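Below is one structure, written out as structure tokens; comments come after it.
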Amino acid sequence: MQVFRTYFKIMKKHMLSLFLYGIMFIAITLLVTFQIFRDDNKEFAVSKVPILLINNDGDNEFVEAFITYLEGYVKYIDVEDSEGARKDALFYHDVYYILTIPKGFTDEFLSGKEIVLTKEIQPDKMMPVQSVDSAIDNYLNMAKTYINYNSEFEIGELTNFLSMNPVEDTEIIIESSKKKSIDSAGFNMYYFNYMGYIMIVCFILSVGTVMMSLNGLDISRRQSVSPVSSRGLNFQLILANLVFVVAYLSILIIIGYLANPLRSFDFGFMLMVINSFVFALVTLCISYLIGISIKEKNAIQALSTALSLGLAFLGGMFVPQEILGSATIKVGSFLPSYWYVRANNTIGSLSNYGIKNLRPIFQYMAIQIGFAAVFIAMILVVAKKKRQNAT
Amino acid sequence: MIVKVDGLVKRYGKLVALDYLNFEVEEGEIFGLLGPNGSGKTTAINCILALLKYDKGSIEVFGKPMGPDEFDIKRNIGLIMQNVAVFDELTVYENIQYFCSLYINDKKKVNELTEEAIKFVALEDYAKFYPKKLSGGLLRRLNIACGVVHKPKLIILDEPTVAVDPQSRNKILEGIKQLNEQGATIIYTSHYMEEIEQICSKIAIIDKGRVVASGTKEELKGMISIGEKITIETFQITEDQIMMLRQMQNVLSITYENNQLEIKSGKGKNNLLQVLHYMESNNISFGKVFTQLPTLNDVFLEITGKELRD
């Protein structure tokens, strides 16, 4: 296992910069996460949620009653009628929620059909957003129950019934354990999203640099003439990379877990851990590819900065995906970081872990594994070309 | 027989890099592969080391066919390349230790051999230094230590002195002789004829992928017509007098440039005396006089019609 040992000897020389990067990013990540976390709790307690309502169903008795009901929970904000203005309003926290009532909503709802109200949310404000969700769900469920038990009803009767029987206050019905779990998931979601950036930077810098040293043209020639088979060399290298990545990632996860004041080792947390390991695999492949393709160590530093920032911004690690422009989302969907963040966001917003809810999460992980497969294919091509050039 | 290369052909597309190359290296020899850049020396070495596939021919090392998975053969080969192949992140000691550990599993033995190799290249004071802190000459010595630390029976040195200062070059050449004295067979490639002449017991001159001549340096020099080169400094010689000299017995060619008269003579005695006698009797004054035996460059020039450094 001489190559395995040498891998870590070389890695040791980069440990200080790796450690400093890690500490710096973790500190920033925790700072930002705690800030968001605190804001969330504070605003939830003291104010109504600012929302933008887009009513495409026209003015009718049912919709008007619904809007009036929601006034108890939200504050309606006027925003210029353009997609850009709406995205800006979300980004600058002018509104936390954009609720669109689609055309034909009243007719379809009253006839008992399933209809979905479309929404765009500010993911930094998960707590107030979820309170609005609950208020809407409660109102519509109450209306649905009335319709089911009264086959012949007038809209006026329905709206009267709903106004006479107010649904319970959302803030009150959230049980303490449930609230804790929502907070914990929110914290994890932010931490794991930012952690993706740390992974990209640190893995490219460390794995890329070590692989570049071990795969240098002349070193490769010297190793090729030794009595160690290339299969044996590659096995040791892959094993060393995996051990390093698992160890580094485990430290990041443990720090995140311990830093979470409402930590709970629940299924959502486990899913985020699995998702981070899948993303670590993709990042490892990218780093390996860079390590065997680049000849200059300085180039690796520049590349790690450019790639990590690009992947983080386009993938929605810093700016939430919900408020990214549609063009950015389209570009982002061709990047593994986008699917990593999307999986985290989906896990963070889950309230139950049924198969139906979990399926998209596993699909997003599968897409990331697909990216890893593409990078592995590229590694094989570059490695073959390098072997030919070495002679 | 340590190495036997028989009818080796290697093509890169239309370019023929090795054209039915043949040579044999006996145990205990310092075998020199001499040729200009691009003559096929490194390609031949890469084929011997199974780093490169070839189109035709055969290679035997230690009496067995050589291949990429012949690990028993590889265990007894050491390679020293033109470029320094060491890790910047490891110290001198760690570098040598690593390359030794690729050949030997016993950790204690590895440490012993590492220390021996450090002594051999006289890097004891630099064992804890990182390569970036070493001068060019010291780096070359580290490169050599990494290639010979496992005490191979066959050491291949591919142009190890390119861009090395004269002092370090001499140390490297002395080291190679020492390794040979300790029992290693050496294959040494270079386009520096002086080095090849200085250390090699047998030489193959290679051009365009073929061995154009081989033997000891004396045998090679004996193959050509030039016996010696006479250089005389003179300031007043006429064209007629040069003509007369040219017609003398055993004179092969004469050139006169920058007050230097250069005469190439065939094999035979009294070539110099004959020329000096003519100059004295014709009152041609002269200053410094040099006489030189033919070099490997002359051998190469006569066989291929071009200089080694062309």
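Here is how names work: the chains are called A, B, and so on, in the same order as the sequence lines, proteins then strands, and each is numbered from 1. Note that this is a predicted model, so its numbers are computed, not measured.
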Inset, instruction - For B:I77 and A:V225, run side-chain contact (heavy atoms from CB on, under 4.5 Å): C-alpha distance rounded to whole Å, both residues' side-chain angles, the deciding distance at 0.1 Å, then the answer. - result: CA-CA 8 Å; B:I77 299 178; A:V225 301; 5.8 Å; no

Legend entry - OG on A:S224 to NZ on B:K74, rounded to 0.5 Å: 6.5 Å

Legend entry - Exceeds 12 heavy-atom contacts within 6.0 angstrom, atom CZ of A:F8: yes

Legend entry - Within 6.0 angstrom of B:Y126 OH, more than 12 heavy atoms from elsewhere: no

Legend entry - 4.5 Å side-chain heavy-atom contact, B:L90 and A:T6: yes

Legend entry - More than 12 heavy atoms from other groups under 6.0 Å of NZ on B:K4: no

Legend entry - Residue B:N76 versus chain A: region with a heavy atom under 4.5 Å: neither

Inset, instruction - Look at atom CD of A:E296 and say whether more than 12 heavy atoms of other residues, nucleotides or ligands are closer to it than 6.0 Å. - result: no

Inset, instruction - Would you indicate whether A:F318, at its atom CZ, is surrounded by more than 12 heavy atoms from other residues, nucleotides or ligands within a distance under 6.0 Å? - result: yes

Inset, instruction - Tell me, for B:N95 versus chain A, whether the close heavy atoms (under 4.5 Å) come from the side chain, the backbone, both or neither. - result: neither

Legend entry - chain A contact via B:Q82 - side chain, backbone, both or neither, heavy atoms under 4.5 Å: neither

Legend entry - Side-chain heavy-atom pair A:R5, B:Y98 within 4.5 angstrom cut-off: no

Legend entry - Heavy-atom proximity to chain A below 4.5 Å, by part of B:E70: neither

Legend entry - A:K9 (side chain) donor-acceptor with B:E89 (main chain) under 3.5 angstrom: no

Legend entry - B:E27 atom CD, over 12 foreign heavy atoms within 6.0 Å: no

Legend entry - More than 12 heavy atoms from other groups under 6.0 Å of NZ on B:K202: yes

Legend entry - Heavy-atom pairs under 4.5 Å with chain A, option from B:C47, B:G147, B:S101, B:G78 with the top count: B:S101

Legend entry - Close side-chain approach of A:V228 and B:Y103, heavy atoms under 4.5 Å: no

Legend entry - A:R222 side-chain N/O to B:A85 backbone N/O, donor-acceptor pair under 3.5 Å: yes

Legend entry - Which portion of A:V210 sits near chain B, non-hydrogen atoms under 4.5 angstrom: neither

Inset, instruction - Report the distance from atom OG of A:S226 to atom CG of B:L49, rounding to the nearest 0.5 Å. - result: 11.5 Å

Legend entry - For chain A, the option from B:T43, B:N105, B:N143, B:D88 that forms the most heavy-atom pairs under 4.5 Å: B:N143

Inset, instruction - Assess the side chains of B:N83 and A:R221: does a donor N or O sit below 3.5 Å from an acceptor N or O? - result: no

Inset, instruction - Might you point out which heavy atoms bring B:V84 and A:D218 nearest each other, and give the distance in Å? - result: O-OD2, 4.4 Å

Legend entry - Crowding at CZ, B:R75 (>12 non-hydrogen neighbours, <6.0 Å): yes

